[in-house]
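Here is how names work: the chains are called A, B, and so on, in the same order as the sequence lines, proteins then strands, and each is numbered from 1.
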Amino acid sequence: MSSETNIPTRERRVNPNFITEIIDEDLRGGRVAKIVTRFPPEPNGYLHIGHAKSICLNFGLALDYGGECNLRFDDTNPETEDIEYVEAIKADVLWLGFQWARELYASDYFERLHEMAVQLIRDGKAYVDSHTDEEISAYRGTVNEPGTPSPYRDRSVEENLDLFARMRAGEFAGGAHVLRARIDLSSPNMKLRDPVLYRIVHASHYRTGDAWCIYPLYDFAHGLSDALEGISHSICTLEFENNRAIYDWLLENLRGKCGLPESPRPYQYEFARLNLDYTVLSKRKLIKLAEGGCVKGWDDPRMPTVSGLRRRGVTPEAIREFANRIGVAKANSRVDLGIFEAAVRDDLNYRAPRVMAVIRPLRVVIANYPAGKVHHLDAPYWPHDVPREGSRTVPFSRELYIERDDFMEEPPKGFHRLIPGGPVRLRHAYVIRCDEVVRDASGEIAELRCTYDPDTLGRHPAGGPVKGTIHWVSAAHAARAEVRLYDRLFHVPDPEAAAGEFTDYLNPESLTVVEGYIEPSVLQDPPCTRYQFERLGYFWPDPVDSGPGRLVFNRIVALRDSWTKAREKPGGSAKVQPGAAQGGESKPKTGTEFTPKQQAEHARLAALGVGEAEATVLVREPRLAAYLEEAARGGDVAAIAIWVVNELGPAIRAGDSKVSPIQLVALVGLIQAGTINGRIAKDVLAEALETGTAPVEIVEAKGLRQISDAGVIEPIVDRLIAENPDKVRAFRGGKTALAGFFVGGVMRETQGRANPQLVQDLVARKLGGNTFYEGSAVKPR
RNA sequence: UGGGGGAUCGUCUAGCGGUAGGACGACGGGCUCUGGACCCGUUAGCGGGGGUUCGAAUCCUCCUCCCCCAGCCA
């Protein structure tokens, strides 16, 4: 099966979603033979984690289905694009772990696109408009008013051809003319109101130089580029949903022309772009951050750009895992930063060796340890739960640094670190006790005088295990390093929705620089090693600023910290969502205001036994009413109405019901006679709607008959009960929803032919008996 | 107000007429020389009303709320 259809059978890179469903269907139905996707960035900015989501989707799909994904630069706007960005984008995609099948540029298609524009003009489907941009905008109308045709809309083909040629030849100033598609100025879809296809721009393009002074717009270039490349599934974000109409229009009008195949043609699908809490992901805003001095550049580790994340130390695996965890859907959403951080931690947990560093040092003197003596302790890189080998030596001496946070003179309840007189374990070393707190002139704690217990290396002290373990470094041996602690860039979850400028919400503590002390073993390691500084977080040397002469560490992500979290509990910071309106309940409108005529009709139907809800629908929808009218001649109006409204409604409304009123009557007759049940009827109707075969014929051909013989059904029920003792127990324990499990099982085994009421009764009697409603598992209505 | 989309635990996401499941989080417990990791458990959800059905997150219907569209940007 999979060799025939390319449908993945083993682990997928992309979790199943609505797009993979479409692909599966296209493959099964033979619409396409090979999956070809594309990632189409415009080279006018850097890639961010939202793009990464799209990259993982497009490239992942190609990988999953044995297809291809192209990298295509949508470079149709010479004024904003630059080669610098294409290089950066390529590097980012590669770094994320993906290889494109072909590297392509929309600008390489300029000649062919131009040809297609000419073809549209020849076909009377496009015209040169000499309105200014203001005029075009004014003539476009509004969402409530249709647009008005430009006086230039009916120029002759010859005149349009001539003007377009002269546009290309550079005879006109920028903005003097545009080429527009002739579609529909009164379309309710604003995008279809004669969209602009080409504009005059006298600017050098970073790839085509001055070869062109007319440039296609996104809508024109994008879909046709897809078609030119043989893209099978063109995946973009939700805001392009309306643009799909242009996409389809263009392809329908140009397929089979200008070298475009008649079929297959690409189709566009839209998914929800990523929104991440406490950051912004719009190109315009990222440019402002990077170039407006809010951060130190595109690759500032606080930036959600791929280059920023890379410099921060996040791995491509973590980003891909994150993309996987958030999934792909059509609902606008905002992802909790915690999901991202968890993906990063999970990745680093098994790849980062543990070392010790102190970032807010407090001097500790071990009074009973000889000055000048150094003990080299062996310390494993990995905790017991990470199955990896390796260790380093850590020097222990009389003077150490510990974390200031790890000592408290007046500890709160539950604090099990160092306290006056109390013992604590020094990680990988001895248990010490604090004997004296030494203060400086200002009263600040300057150092701690402690004593160590020499018998506690690798074993518990005499009094039993100590409750706390803290990290430390030897003062004389530690390497000094600049440590950059990064935090969320904004202090509100959705800076874009907040009032005022988004930059008003920058988090002043997004970067904290401290002087830290790192155990000396790191000096021996390769420069790109990612560590866990125990109890602090994951860190790695900054790839730009760190070097042999100057150590600089970035904190990639902090460790989970259930201690401080628990302490901050009361009055903890809840999410403040500025401007988030909550959908509450408000008085529902009845929507049942009828005209007198409708009222009369409603009453007439009600008198015939048609239900209230059905009658209301029928009164409002003449098409359904007419259908029922015809059907009613042959049978029970009330029963038929139910099927007309609830099952055939959409088909009748669309005018393509392949089931005639008479056929429906016949089917309903079978139900009423008990020959078939509603379930069978529903399946049959679905098939009839699909194929056009008369429902009753389907019933006959398949020999569908309802099974109302308890002698047939009972054994099946008994067997299901015998096979699922756990379910039976749960049911008897009160999980009555399990009735559906048993009924469903019987229905499945009989292919929907069992009399459901009978099954329901049998199941209820055998399982529940007294605990249930008399003789029936039906909830009281 | 026209058109196009959308709504499932706090967050993200499965479900396609038959037990509402997973991840992140939260809470409780276990383990621990990292208050990490790991393990166990708990919590919590189908936007609302009506209808169809033996049975509805799923089908029908009405309503509500949210997002997108009036660039010669993409």
Side-chain angles (χ1 to χ4, degrees), chain A residues 15-16 42 44 74 76-77 80 133 136-137 140-144 147 174-175 178 187-191 193 196 198-201 217-218 222 238-243 245 270 272 277 283 325-327 329-336 338-339 342 345 349 354 383-386 416 425-428 458 465-466 468-471 532 534-535 559-564 566 575 581-586 588-592 611-614 616-617 642 645-647 649-650 678-679 682 727 730 735 737-745 747-748 755-761 776-779:
Chain A
N15 290 330
E42 185 192 10
N44 70 343
D74 252 346
T76 55
N77 186 353
T80 58
D133 51 352
I136 288 176
S137 171
R140 185 145 30 218
T142 69
V143 290
N144 294 315
V178 293
S187 171
N189 179 352
M190 299 294 293
K191 294 286 184 199
R193 321 254 260 228
V196 174
Y198 265 91
R199 80 288 215 181
I200 299 170
V201 181
L217 275 94
Y218 165 83
H222 194 87
L238 251 27
E239 67 271 26
F240 292 102
E241 276 171 330
N242 295 324
N243 301 247
E270 310 87 12
D277 273 351
K283 226 181 242 179
R325 292 185 187 187
I326 59 175
K330 294 200 73 156
N332 299 88
S333 58
R334 170 158 290 279
V335 175
D336 194 309
I339 296 180
R345 288 191 192 107
N349 179 44
R354 317 291 138 121
H384 55 89
D385 50 279
V386 177
H416 37 247
R425 161 77 64 182
L426 291 179
R427 176 71 162 158
H428 301 306
V466 294
T469 299
I470 63 174
H471 59 275
Q532 183 192 106
E534 291 208 39
R535 304 211 306 133
L559 251 28
R560 273 185 79 215
D561 182 358
S562 51
W563 167 245
T564 36
K575 259 198 196 180
Q582 214 35 248
E585 64 229 71
S586 48
K589 283 184 197 154
T590 44
T592 43
E612 164 77 27
E614 282 79 19
T616 302
V617 173
I642 285 169
V645 172
N646 290 302
E647 298 300 328
R679 159 88 177 245
K682 219 175 153 175
K727 301 271 196 300
K735 194 165 169 68
L738 245 21
F741 168 81
F742 291 102
V743 175
M747 296 306 286
R748 220 182 344 270
N755 179 329
Q757 186 65 66
L758 181 59
V759 177
Q760 188 86 270
D761 289 348
S776 166
V778 190
K779 287 172 279 190

K.L.:
Tell me which nucleotide among B/G71, B/U13, B/C72 gets nearest to the side chain of A/V178.
P.N.:
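Out of B/G71, B/U13, B/C72, the nucleotide with an atom closest to A/V178's side chain is B/C72.
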
K.L.:
Does the aromatic ring of A/H222 sit over the six-membered base ring of B/A74, closer than 5.5 Å centre to centre and tilted less than 30°?
P.N.:
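A/H222 ring does not meet the centre or angle cut-off for B/A74; no stack.
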
K.L.:
Base, sugar-phosphate, or nothing for A/H416, non-hydrogen atoms under 4.0 angstrom?
P.N.:
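Answer is base: heavy atoms of A/H416 come under 4.0 Å of a base.
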
K.L.:
Considering all heavy atoms of both residues, which atom of A/Q760 and which atom of A/V743 are nearest to each other, and what is their separation?
P.N.:
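Minimum heavy-atom separation between A/Q760 and A/V743: OE1-CG2, 3.3 Å.
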
K.L.:
Classify the nucleic acid contact of A/N242 as base, sugar-phosphate or nothing, counting any heavy atom under 4.0 Å across all strands shown.
P.N.:
base

K.L.:
Side chain of A/V617 only, please: which of B/U61, B/U34, B/A74 is the nearest?
P.N.:
B/U61

K.L.:
Taking only the side-chain heavy atoms of A/K682 (C-beta and beyond), determine which of B/C67, B/U34, B/A56 contains the nearest atom.
P.N.:
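Looking only at side-chain atoms, A/K682 lies closest to B/A56.
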
K.L.:
About how many Å separate CZ of A/F240 and NE2 of A/H222, when rounded to the nearest 0.5 Å?
P.N.:
7.5 Å

K.L.:
Report yes if the side chains of A/R199 and A/D133 come closer than 4.5 Å at any heavy-atom pair, otherwise no.
P.N.:
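Counting from C-beta outward, A/R199 and A/D133 never come under 4.5 Å.
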
K.L.:
Now, which nucleotide makes the Watson-Crick or G-U wobble pair with B/G2, with each of the two distances under 3.5 Å?
P.N.:
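Because both required distances fall under 3.5 Å, B/G2 counts as paired with B/C69.
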
K.L.:
Looking across every strand, which nucleic acid part, if any, lies under 4.0 Å from A/K191 by heavy atom: base, sugar-phosphate, or nothing?
P.N.:
base

K.L.:
Take atom P in B/G2 and the same atom in B/C16, then report the distance between them in whole Å.
P.N.:
35 Å

K.L.:
For A/E42 and for A/G649, find the nucleotide of RNA chain B with the closest heavy atom, then tell me which residue's nucleotide is more 5'.
P.N.:
A/G649

K.L.:
Got a second to check how far A/N242's CG is from A/N189's CG, nearest 0.5 Å?
P.N.:
5.0 Å

K.L.:
Please state whether the base of B/U34 and the side chain of A/Q532 form at least one donor-acceptor pair under 3.5 Å?
P.N.:
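Donor-acceptor pair under 3.5 Å: yes.
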
K.L.:
May I ask you to decide if A/T142's main-chain N or O and A/R193's side chain share a donor-acceptor pair within less than 3.5 Å?
P.N.:
yes

K.L.:
Hey, does the side chain of A/R427 come within less than 4.0 Å of B/U32's phosphate (OP1/OP2), counting only N and O?
P.N.:
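Indeed not, no polar side-chain atom of A/R427 lies that close.
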
K.L.:
Starting the side chain at C-beta, find the nucleotide from B/G18, B/G6, B/G25 nearest to A/R560.
P.N.:
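Of the candidates, B/G25 comes closest.
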
K.L.:
Report which part of the nucleic acid A/N44 touches: base, sugar-phosphate, or nothing (heavy-atom distance under 4.0 Å, all strands).
P.N.:
nothing

K.L.:
Report which part of the nucleic acid A/R140 touches: base, sugar-phosphate, or nothing (heavy-atom distance under 4.0 Å, all strands).
P.N.:
sugar-phosphate

K.L.:
Give a yes/no answer on whether the side chain of A/S333 brings an N or O atom under 4.0 Å of OP1 or OP2 in B/U13.
P.N.:
yes

K.L.:
Looking at the side chain of A/M190, which of B/A70, B/G51, B/U34 is the nearest nucleotide?
P.N.:
B/A70

K.L.:
Using a 4.0 Å heavy-atom cut-off, does A/I326 contact any base of the nucleic acid, only the sugar-phosphate backbone, or nothing at all?
P.N.:
sugar-phosphate

K.L.:
So A/E241 and A/K330, do their side chains get closer than 4.5 Å, heavy atoms only?
P.N.:
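Yes, close enough: below the 4.5 Å cut-off.
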
K.L.:
Does OP1 or OP2 of B/G18 have a side-chain N or O of A/R679 closer than 4.0 Å?
P.N.:
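Checking A/R679 against B/G18: no side-chain N or O falls below 4.0 Å of OP1 or OP2.
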
K.L.:
Closest approach to the side chain of A/Q760, judged atom by atom: which nucleotide of B/A74, B/G6, B/G18 is it?
P.N.:
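Closest nucleotide to the A/Q760 side chain: B/G18.
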
K.L.:
So what's B/C24 paired with, Watson-Crick or G-U wobble, going by both distances under 3.5 Å?
P.N.:
B/G10

K.L.:
May I ask you to evaluate whether A/T616 reaches the phosphate of B/C62, defined as a side-chain N or O under 4.0 Å from OP1 or OP2?
P.N.:
no

K.L.:
A/W563 stacking on B/G35: centroids under 5.5 Å, ring planes under 30°?
P.N.:
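A/W563 ring centre within cut-off of B/G35 base, planes near parallel; stacks.
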
K.L.:
At 4.0 Å (heavy atoms only), tell me whether A/T142 reaches a base, stays on the sugar-phosphate, or touches nothing.
P.N.:
base

K.L.:
Give the rounded distance in Å between these two atoms: CG of A/L217 and P of B/A70.
P.N.:
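About 13 Å, once rounded to whole Å.
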
K.L.:
Whole Å only: how far is the CZ atom of A/R334 from the P atom of B/G10?
P.N.:
18 Å

K.L.:
Does a side-chain N or O from A/R345 land closer than 4.0 Å to OP1 or OP2 of B/G36, or not?
P.N.:
no

K.L.:
Both A/E241 and A/A342 contact RNA chain B. Taking the nearest nucleotide for each, which residue is further toward the 5' end?
P.N.:
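Per heavy-atom nearest nucleotide, the more 5' residue is A/E241.
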
K.L.:
Side chain of A/H384 only, please: which of B/G36, B/A14, B/G4 is the nearest?
P.N.:
B/G36

K.L.:
NA contact type, A/V645, heavy-atom cut-off 4.0 Å: base, sugar-phosphate, or nothing?
P.N.:
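Sugar-phosphate contact only - A/V645 comes under 4.0 Å of backbone atoms but never of a base.
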
K.L.:
Which part of the nucleic acid, if any, lies within contact of A/D133, taking any heavy atom under 4.0 Å across all strands shown: a base, the sugar-phosphate backbone alone, or nothing?
P.N.:
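The residue A/D133 makes base contact.
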
K.L.:
Reckon A/L758 touches a base, only the sugar-phosphate, or nothing at all at heavy-atom distances under 4.0 Å?
P.N.:
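The residue A/L758 makes no contact with any strand.
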
K.L.:
For atom C1', what is the distance between B/C46 and B/G15, given to the nearest Å?
P.N.:
11 Å

K.L.:
Where the side chain of A/N144 is defined as all heavy atoms beyond and including C-beta, which of B/C67, B/U1, B/G10 is the nearest nucleotide?
P.N.:
B/U1

K.L.:
Over all strands shown, is A/T76 touching base, sugar-phosphate only, or nothing at heavy-atom distances under 4.0 angstrom?
P.N.:
sugar-phosphate

K.L.:
Is B/G71 syn or anti, taking syn as a glycosidic angle within 90° of 0?
P.N.:
syn

K.L.:
For B/G25 versus B/G18, give the span between their C1' atoms, rounded off to a whole number of Å.
P.N.:
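One C1' to the other, the span is 32 Å.
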
K.L.:
Take atom C1' in B/G51 and the same atom in B/A56, then report the distance between them in whole Å.
P.N.:
11 Å

K.L.:
Which whole number of Å gives the distance between the P atom of B/G41 and that of B/G4?
P.N.:
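That atom pair is separated by 48 Å.
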
K.L.:
Looking at the side chain of A/I642, which of B/U52, B/G6, B/C72 is the nearest nucleotide?
P.N.:
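Of the candidates, B/U52 comes closest.
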
K.L.:
Name the nucleic acid region contacted by A/G338, choosing base, sugar-phosphate or nothing; use a 4.0 angstrom heavy-atom cut-off, strictly under.
P.N.:
sugar-phosphate

K.L.:
Hey, does the side-chain of A/D385 have a donor or acceptor N/O within less than 3.5 Å of a partner on the base of B/G36?
P.N.:
yes

K.L.:
Reckon A/V196 touches a base, only the sugar-phosphate, or nothing at all at heavy-atom distances under 4.0 Å?
P.N.:
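Sugar-phosphate: the residue A/V196, judged by heavy atoms under 4.0 Å, touches backbone atoms but no base.
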
K.L.:
Could you work out which one of B/C60, B/A74, B/A37 sits closest to the side chain of A/N646?
P.N.:
B/C60

K.L.:
What is the nucleic acid contact for A/R354, judged by heavy atoms within less than 4.0 Å: base, sugar-phosphate only, or nothing?
P.N.:
base

K.L.:
Provide, to the nearest angstrom, the distance between the CZ atom belonging to A/R325 and the P atom belonging to B/G25.
P.N.:
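Whole-Å distance recorded here is 8 Å.
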
K.L.:
Is the shortest heavy-atom distance from the side chain of A/L426 to the side chain of A/I470 under 4.5 Å?
P.N.:
yes

K.L.:
Is it true that A/Q532 and A/N349 share a donor-acceptor pair across their side chains at a distance under 3.5 Å?
P.N.:
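Short answer, no.
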
